[in-house]
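Residue numbers begin at 1 in each chain, while the letters A, B, ... track the order of the sequences.
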There are 2 protein chains.
Amino acid sequence: MGLETEDLRQIDALVGHRIRLRKGEALYHAGDRFTALYAIRIGSLKTAVPAGEGREQVSGYHMLGDIIGLDGISTERHGCQAMALEDSDVCVLPFERIEEMARAVPPLQQNLHRLLSKEISRDQGVMLLLGTMRAGQRLAAFLISLAERYKQRGYSSTEYVLRMTREEIGSYLGLKLETVSRLFSRFQNEGLIRVQGREVKLLDPVALRQRVGQRA
Amino acid sequence: MGLETEDLRQIDALVGHRIRLRKGEALYHAGDRFTALYAIRIGSLKTAVPAGEGREQVSGYHMLGDIIGLDGISTERHGCQAMALEDSDVCVLPFERIEEMARAVPPLQQNLHRLLSKEISRDQGVMLLLGTMRAGQRLAAFLISLAERYKQRGYSSTEYVLRMTREEIGSYLGLKLETVSRLFSRFQNEGLIRVQGREVKLLDPVALRQRVGQRA
DNA sequence: CGCGGATTTGAACGGAGTCAATCCGCGTGG
DNA sequence: CCACGCGGATTGACTCCGTTCAAATCCGCG
């Protein structure tokens, strides 16, 4: 996901400019011409793929250090929309310049490949979640994955604030918002978490993790 | 998905050796060390990611010209298993050599990036399928996608032989094998297709395509 | 020719969706 | 300052699609 500090310095060398986004503002839309990748420096974004008839599915939640836009390379057009979930700041990484530098700097080339491959692995994880897990397992997996990502970034791994609505979480997990809401309540009753609106505290991460692997 | 003839010639230059696979034989397993990508020259393979407790989910069906193994780059280990669905032949493309050549030959570099990005787009399509579609829509989408891929390769786009069992198809689509079987029967009763075992004929591709987009 | 895996089909169950009512929190304007 | 409005969240009742369990049949292959 994120890159090492060493690599960040390399990245800095090819940064174009920065873009400020207000909450709810789109960085790009599905169908827009692809020219660059974007590194998140402040805030968080969701990506959503069009699902016909104006509907859409949330395909990812991205935070500090994440690099987005990778799916646009093949068609030269973005396949999804990226929207700020809060006021955010992203760096523009012109892709042509990335390719140039990747040719000259092998470690950067490797990082790029790893980045792309990691995204593939991430997507496979989501496919597994959507294809084989029950609703409760999905939400548990989601909460744990968030915890791990916050931890990596130096934040608390047991307490965080959701940036997405119940509906967006549901869309991401292939569930309806009512189901997500009910599961939050159930997890709270079972003493696994404490929820209040978007504030979440994981009271029993171990039990939560077990939930992911079991058939209930 | 596949590459142009021009590119295939480039690829040929970096081919290692060939591997012959018998039906049911694995090209690699999840956890195996990653060293190369593989181009399918004859036959077809499925990829499957482990899903805990010996279970697994089919994550892809790959045929002539497809290149597999992309998810192993980031961790240097394969994240899934690749198994031949029939006697097959694959070319080994040592990844180190690919990276070398990509540095020297920009068009090859671009192809590699496109390849990786295309895989991400494909996965997003599957996520959409698993996250938003009903069972009937999923199978219809699957049948159509197969038709398109066969067409691209010069085969009939309305008549083909499934290489996967009902169970494997179900696993790929997030359904149980009984559901897949029932849907085949229903589609046949509705005059959309003709099925006999693994032989499928699309009688009304247009209606089938409509099925994907509607809420039933 | 017979075995075993794959497929089909039926009946009953249950988990998540749908529809609907209510509540909560927050920004906005009177 | 506070009442109002509105989007988001919660909760309940009921429905329905896909699963589960079970049995029968088909079929490829040794």
Side-chain angles (χ1 to χ4, degrees), chain A residues 22-24 46 51 55 57-58 83 85-87 129-143 161-190 193-200 211-212 214-216, chain B residues 22-24 46 51 55 57-58 83 85-87 129-143 161-190 193-200 211-212 214-216:
Chain A
R22 308 294 291 271
K23 178 176 176 171
K46 68 168 178 179
R55 309 172 71 88
Q57 185 192 24
V58 174
M83 178 182 285
L85 293 168
E86 58 194 310
D87 291 359
L129 181 144
L130 294 173
T132 69
M133 294 187 189
R134 312 218 142 281
Q137 297 176 287
R138 296 187 199 185
L139 186 63
F142 175 70
L143 292 173
V161 177
L162 298 168
R163 249 82 219 209
M164 297 200 274
T165 67
R166 302 288 188 261
E167 185 167 20
E168 286 164 336
I169 295 170
S171 172
Y172 182 56
L173 299 177
L175 304 171
K176 294 287 138 175
L177 77 165
E178 294 96 328
T179 304
V180 174
S181 180
R182 269 184 254 271
L183 285 169
F184 272 126
S185 302
R186 191 194 305 173
F187 282 0
Q188 180 157 249
N189 288 337
E190 295 179 9
I193 63 173
R194 203 166 54 73
V195 219
Q196 183 153 221
R198 307 221 180 158
E199 284 157 44
V200 176
R211 250 233 143 82
V212 178
Q214 74 196 9
R215 58 182 56 261
Chain B
R22 308 295 291 271
K23 178 175 177 175
K46 69 168 177 179
R55 309 173 71 88
Q57 186 193 24
V58 174
M83 179 183 285
L85 293 168
E86 58 193 310
D87 291 359
L129 180 143
L130 293 173
T132 69
M133 294 187 190
R134 311 215 141 284
Q137 297 176 288
R138 295 187 198 184
L139 186 62
F142 175 70
L143 292 174
V161 175
L162 297 168
R163 249 83 219 210
M164 296 201 276
T165 67
R166 302 289 188 261
E167 184 166 22
E168 286 165 336
I169 295 169
S171 172
Y172 182 57
L173 299 176
L175 304 170
K176 294 288 139 176
L177 77 166
E178 295 95 327
T179 305
V180 174
S181 179
R182 271 184 253 272
L183 285 169
F184 272 126
S185 302
R186 192 196 303 174
F187 283 1
Q188 180 157 249
N189 288 336
E190 294 179 9
I193 62 173
R194 202 166 55 72
V195 219
Q196 182 154 221
R198 308 222 178 157
E199 285 158 44
V200 176
R211 254 247 143 92
V212 178
Q214 73 196 11
R215 60 182 56 262

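Counting all heavy atoms, side chain and backbone alike, A:T179 lies closest to A:A135 at CG2-CB, 4.1 Å. Between B:E190 and B:R211 the shortest heavy-atom distance is OE1-NH1, 2.7 Å.
Residues from residues 166-175 of chain B lying near DNA chain D, meaning a heavy-atom separation below 4.0 Å, are B:G174, B:L175 in numerical order.
Nucleotide D:dT10 holds its P atom 12 Å from the CG atom of A:N189, rounded to whole Å. Atom CE of A:M164 and atom P of D:dA9 are 11 Å apart (whole Å). One atom, CZ of A:R55, and another, P of C:dG17, lie 12 Å apart when rounded to the nearest Å. Distance, A:L177 CG to C:dA16 C1': 13 Å, rounded to whole Å. Put simply, CG on B:L130 is 20 Å from P on D:dC17, counting in whole angstrom units. A straight line from CG of A:L183 to C1' of C:dG17 spans 13 Å, rounded to a whole angstrom. In this structure, CD of B:Q137 is placed 9 Å from P of D:dG18, rounded to the nearest angstrom. Nucleotide D:dG28 holds its P atom 14 Å from the CG atom of B:L162, rounded to whole Å.
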What N/O pairs connect the protein and nucleotides 19-25 of chain C at under 3.5 Å? Give each pair on its own line.
unit_1, atom_1, unit_2, atom_2, d
C:dC19, N4, A:E178, OE2, 3.2

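Under the side chain to side chain donor-acceptor pair (under 3.5 Å) criterion, B:E167 pairs with no residue, sequence neighbours left out. Residues satisfying the side-chain contact (heavy atoms from CB on, under 4.5 Å) criterion with A:M133, sequence neighbours excluded, are A:L129, A:Q137, A:R138, A:A141, A:V212. By the side-chain contact (heavy atoms from CB on, under 4.5 Å) test, A:E199 pairs with A:V161, sequence neighbours left out. Contacts of A:K176 classified as side chain to side chain donor-acceptor pair (under 3.5 Å), with partners at least two apart in sequence or in another chain: none. For B:R182, there are no salt bridge (charged side-chain N to carboxylate O under 4.0 Å, His left out) partners at least two apart in sequence or on another chain. A search for side-chain contact (heavy atoms from CB on, under 4.5 Å) contacts involving A:R166 returns A:L162, A:L177, A:V180, A:F184, A:V195, not counting sequence neighbours. Applying the side chain to side chain donor-acceptor pair (under 3.5 Å) test to A:Q188 and every residue at least two apart in sequence or in another chain returns nothing. Legend: residues meeting side-chain contact (heavy atoms from CB on, under 4.5 Å) with A:Q57, ordered by chain and number and at least two apart, are A:V49, A:L130, A:S171, B:M127, B:L128, B:T132. Partners of A:E178 under the salt bridge (charged side-chain N to carboxylate O under 4.0 Å, His left out) rule, at least two apart in sequence or in another chain, do not exist in this structure.
The phosphate of D:dG18 has neither OP1 nor OP2 within less than 4.0 Å of any side-chain N or O from B:T179.
Over its full length, the helix from C:dC1-D:dG30 to C:dG30-D:dC1 turns its helical axis through 40°, comparing axes from the five pairs at each end and rounding to 10°.
For the pair B:D87 (side chain) and B:K23 (backbone), a donor-acceptor distance under 3.5 Å is present.
Here B:S181 lies in heavy-atom contact (under 4.0 Å) with a base.
Taking the side chain of B:T165 as heavy atoms from C-beta on, and the options C:dT7, C:dG17, D:dA9, the nearest nucleotide is C:dT7. Closest approach to the B:R198 side chain among C:dA6, D:dC17, D:dT11 is made by C:dA6 (side chain taken as heavy atoms from C-beta onward).
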